[in-house]
Amino acid sequence: MFGKLRRLSLDVPKTALEESQKLPSSERRHFLRNGLFTAGGAMVGGAFAGLAPGALAKTQYPPENPSWTLSLGPGVVADPYGMPSPFEKEVIRRNVPWLTADKVSSISFTPLQHLKGIITPNGLFFERHHAGRPEVDPQQHRLMIHGLVDRPIILSMEDLQRLPSVSQINFIECPANGGMEWRGAQLNSLQFLHGMVSCAEWTGVRLSTLLQEVGMKPEGKWVLAEGADGAAMTRSIPMEKALDDVIVAYAQNGEALRREQGYPIRLVVPGWEGNTHVKWLRRLEVGDKPWMQREETSKYTDLLGDGTARGFTWVMEAKSVITSPCPEMPLKEKGVYQIEGLAWSGKGKVKAVDVSVDGGMNWQQAQLREPVLSKSLTRFVLEWKWDGNPALLQSRVIDETGYVQPTLGQLREARGTNSIYHKNAIQTWKVNADGSVVNVQLS
Amino acid sequence: MFSFRKCSLKLALVCSGALMLPLASSAVAESAGYYGVGETPTEEQIAAWDIDIRPDGTGLPEGSGSVDEGMAVYETYCASCHGAFGEGMGRYPKLSGGEGTLAEDRPEKTVGSYWPYASTLWDYIHRAMPFFAPQSLTDDQVYAVTAYVLNLNYIVDGDFVANKETLPKVEMPNSGNFVWEDPRPDVENERCMSDCKDEVNVADSSEGKNLTPRTTGPLDEGLVE
């Protein structure tokens, strides 16, 4: 399973071009212009990113048969590692160039506007690297477990896979998701405002199994996790959490972890801030106190309005966002729409999601789509008839602890505007009369 | 590799995917080494990878470095990104200044104004800096440049020499301003369903701010601040 992964290619497929060669020249021009170039242009459709209006040339409509019905496609293993349709080439992770000094320590965002269900495809899972993505050789990679233990060990990736494993679906969210918006509305995009959350099925070994295998000493109260990247990323995790639901994961949605997600192994710390899910994991140390590393002092602490700061704010509190419509998914005309979105809580399951179309004056309970899992993304839906007038769309999640997603005003009142992290406020989308959708903040 | 493993009765406790039993420490000791996987590291192997430093100084190696020696290290390996006085070049982080700004509108969080522990500075420089060549400095160089960055922030005097005795004793000015316990939930929203407020006003909009990179087509490389 740790075989080489193929490079992603976004080129227009040869077959489509070859297909066009078979058409008479006038139709061929039409096919190329409408079928290919429009799809790669600036417009974005509904379910299929490539399905822009006019994307299908007239020659492909009934009563004509489309060219792909009258010909053969490439055979099996034309793509030994399958790739998305080239018409989906706009569905990619994107970054905000002005946000960081360097792409090596930076962030990319998941295109939530294009995703369905609750699982993030592996190639679209958001990235956060502090020293770039290392190319780790699993044959040489080792996990060392030591410290306050009876039996320190060095494990190979094969050793790890001999141990009992579990699979669990969990979201990972960077606590800086939406962090640019504490002071005001800046970005006009679902992807850039909320795309630092993704969700996958993770498979690996429970950290409790590993700690049991090495025999923890009773003084062991904390675990330090360290990565093998150039940042040698470290976080201190309290033993209670380590023994609860943390896993050392080697697989993501059925295949080996992607390199961007820590190949060959990472920590998954369900419901806790993304930075604790240490990637390219190489060392676990048991100790009696936290280590106060740079990523739990200088960073990932929340500065309050009075100049004091909170540390060890690990849990991602409940949050939700409407993913359609959104700035990237405007409305086309009045009529019936399915308002859809995602909700999640680091403290367990989503209990309910309410949707408002009048800026929070009145709310209706949305439907939750199965499955509704703990510390996972949950999809909600509410049918809505848009009358063509401006509207203010919001969603509000309630989790199983009874916690109600707050407004930005409430968060600002409690914390000021300089915390960067943990902004889980209700998002407002303004629908204009022309159907365009804008990120706004209410007073 | 994802084949199903049968659990023997004895193993069911640890093997069962769904069950999460609290582990009493006696149970832990009893079953240590049950799977017998892995090699036992030598002390040298552990020491070589065990690079973390704690606020009480645990983990700090032998060696030392002065502020003066640190200036040379800093100018060679650090100043190009962090600026000659730690003021930060471009969007590279500032390492100094910002005292008294934490409660202001535009706080500057630096080693001097924000960091609670001096040990973290040694630990982080040693593991991650200089950015292009992590873990390339000697222990003496790390001590020296740590002393220098502390001096840039007026936290130690010019004659300070950092070593495993002196560094843990350095008091960071902002150390008392952290709360290491999560007080959340710190806001309580109500689940009101109708007539929830008097009026609805849009206070701010992203429209026309021109900060959003392209969300269609190829990646946006051009947009800078």
Side-chain angles (χ1 to χ4, degrees), chain A residues 1 42 44 90 96-98 101 144 146 150-155 159 161-164 166 184-189 191 209 212-213 215-216 218 224 230-232 283 291-292 294 297-298 306-313 328 359-363 403-404 406 410 414 418 438-441 443, chain B residues 1 5 14-15 17 23 25 28-29 31-33 35 37-39 41 46 49 52 54-55 90-92 102-103 107 115-117 120 124 127-128 134 177-180 182 184-187 189 191 193-194 196-197 200-207 209 211-213 215-217 219 223-225:
Chain A
M1 72 164 276
V44 178
E90 305 209 342
V96 179
W98 53 261
M144 184 166 85
H146 70 107
D150 296 329
R151 190 181 162 267
I153 48 175
I154 296 183
L155 294 172
D159 292 334
Q161 296 194 32
R162 250 181 69 191
L163 298 173
V166 292
Q186 294 208 79
L187 296 172
N188 198 36
S189 150
Q191 182 163 6
T209 303
Q212 191 171 26
E213 178 70 5
M216 277 183 314
L224 183 78
R283 190 163 71 91
W291 284 262
M292 312 315 275
R294 185 253 189 171
T297 55
S298 168
D306 65 0
T308 65
R310 292 176 183 165
F312 295 164
T313 47
E328 293 96 325
M361 186 75 85
N362 300 288
W363 297 84
Y403 175 85
V404 182
Q410 289 172 323
N418 288 325
V438 180
N439 166 34
V440 298
Q441 294 183 354
S443 53
Chain B
M1 64 153 284
R5 272 166 230 279
V14 275
C15 187
L23 301 167
S25 49
V28 170
S31 54
Y35 297 104
V37 291
E39 310 161 47
I46 293 178
W49 275 16
D52 48 80
R54 276 194 340 204
R91 274 161 290 156
Y92 287 108
L102 295 184
W115 287 38
Y117 302 105
T120 313
Y124 182 69
R127 73 173 58 242
N177 290 323
F178 283 83
V179 176
W180 297 105
D182 190 349
R184 297 174 304 159
D186 52 350
V187 289
N189 199 2
R191 195 183 175 193
M193 296 307 282
S194 55
C196 298
K197 30 182 156 174
V200 173
N201 288 314
V202 173
D204 197 10
S205 166
S206 63
E207 220 162 7
K209 287 199 180 159
L211 287 165
T212 315
T215 56
T216 56
L219 282 179
L223 195 80
V224 286
E225 213 170 7

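Just so we're on the same page: letters track the sequence lines, and every chain starts at 1. Computed from a predicted model, the values in this text were never measured in an experiment.
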Which atoms of L224(A) come close to chain B, meaning under 4.5 Å heavy atom to heavy atom: side chain ones, backbone ones, both, or neither? side chain
Would you indicate whether the side-chain heavy atoms of L211(B) and W98(A) approach each other to under 4.5 Å? yes
Interface check, chain A: of K209(B), R191(B), K197(B), most non-hydrogen pairs under 4.5 Å belong to R191(B)
Does some side-chain heavy atom of R283(A) sit less than 4.5 Å from a side-chain heavy atom of D52(B)? yes
Do M292(A) and P116(B) come close enough that some side-chain heavy atom pair is under 4.5 Å? no
So which residue, Q410(A), M144(A), Q191(A), M361(A), ends up with the most heavy-atom pairs under 4.5 Å with chain B? M361(A)
Heavy-atom pair count under 4.5 Å with chain B, highest-scoring of N362(A), L155(A), I154(A): I154(A)
I'd like to know if the side chain of T212(B) and the backbone of L187(A) have a donor-acceptor N/O pair within less than 3.5 Å. no
Contact part of R151(A) toward chain B, heavy-atom cut-off under 4.5 Å: side chain, backbone, both or neither? side chain
Do E213(A) and V37(B) have side chains that approach each other closer than 4.5 Å (heavy atoms only, starting at C-beta)? yes
Given heavy-atom pairs under 4.5 angstrom as the criterion, report whether the side chain, backbone, both or neither of Y117(B) touches chain A. side chain
If one checks every heavy atom of N439(A) against chain B at 4.5 Å, the contacting part turns out to be both
Do you know which of P134(B), P41(B), A128(B) has the most heavy-atom pairs under 4.5 Å to chain A? P41(B)
Side-chain touch R310(A)/D186(B), heavy atoms, less than 4.5 angstrom: yes
So, using salt bridge (Lys or Arg N to Asp or Glu O under 4.0 Å) as the criterion, who are the partners of R54(B) when residues are at least two apart? D288(A), D56(B)
Are the aromatic rings of F178(B) and W180(B) close, with centres under 6.0 Å apart? yes
Can you say whether W115(B) sits under 4.5 Å from chain A via the side chain, the backbone, both, or neither, judging by heavy atoms? side chain
Heavy-atom pair count under 4.5 Å with chain A, highest-scoring of D182(B), D204(B), V200(B): D204(B)
Of the listed residues (N189(B), V179(B), I46(B), T120(B)), which shares the most heavy-atom pairs with chain A below a 4.5 Å separation? N189(B)
Below 4.5 Å, heavy-atom pairs only: which of S206(B), S194(B), G33(B) has the largest tally toward chain A? S206(B)
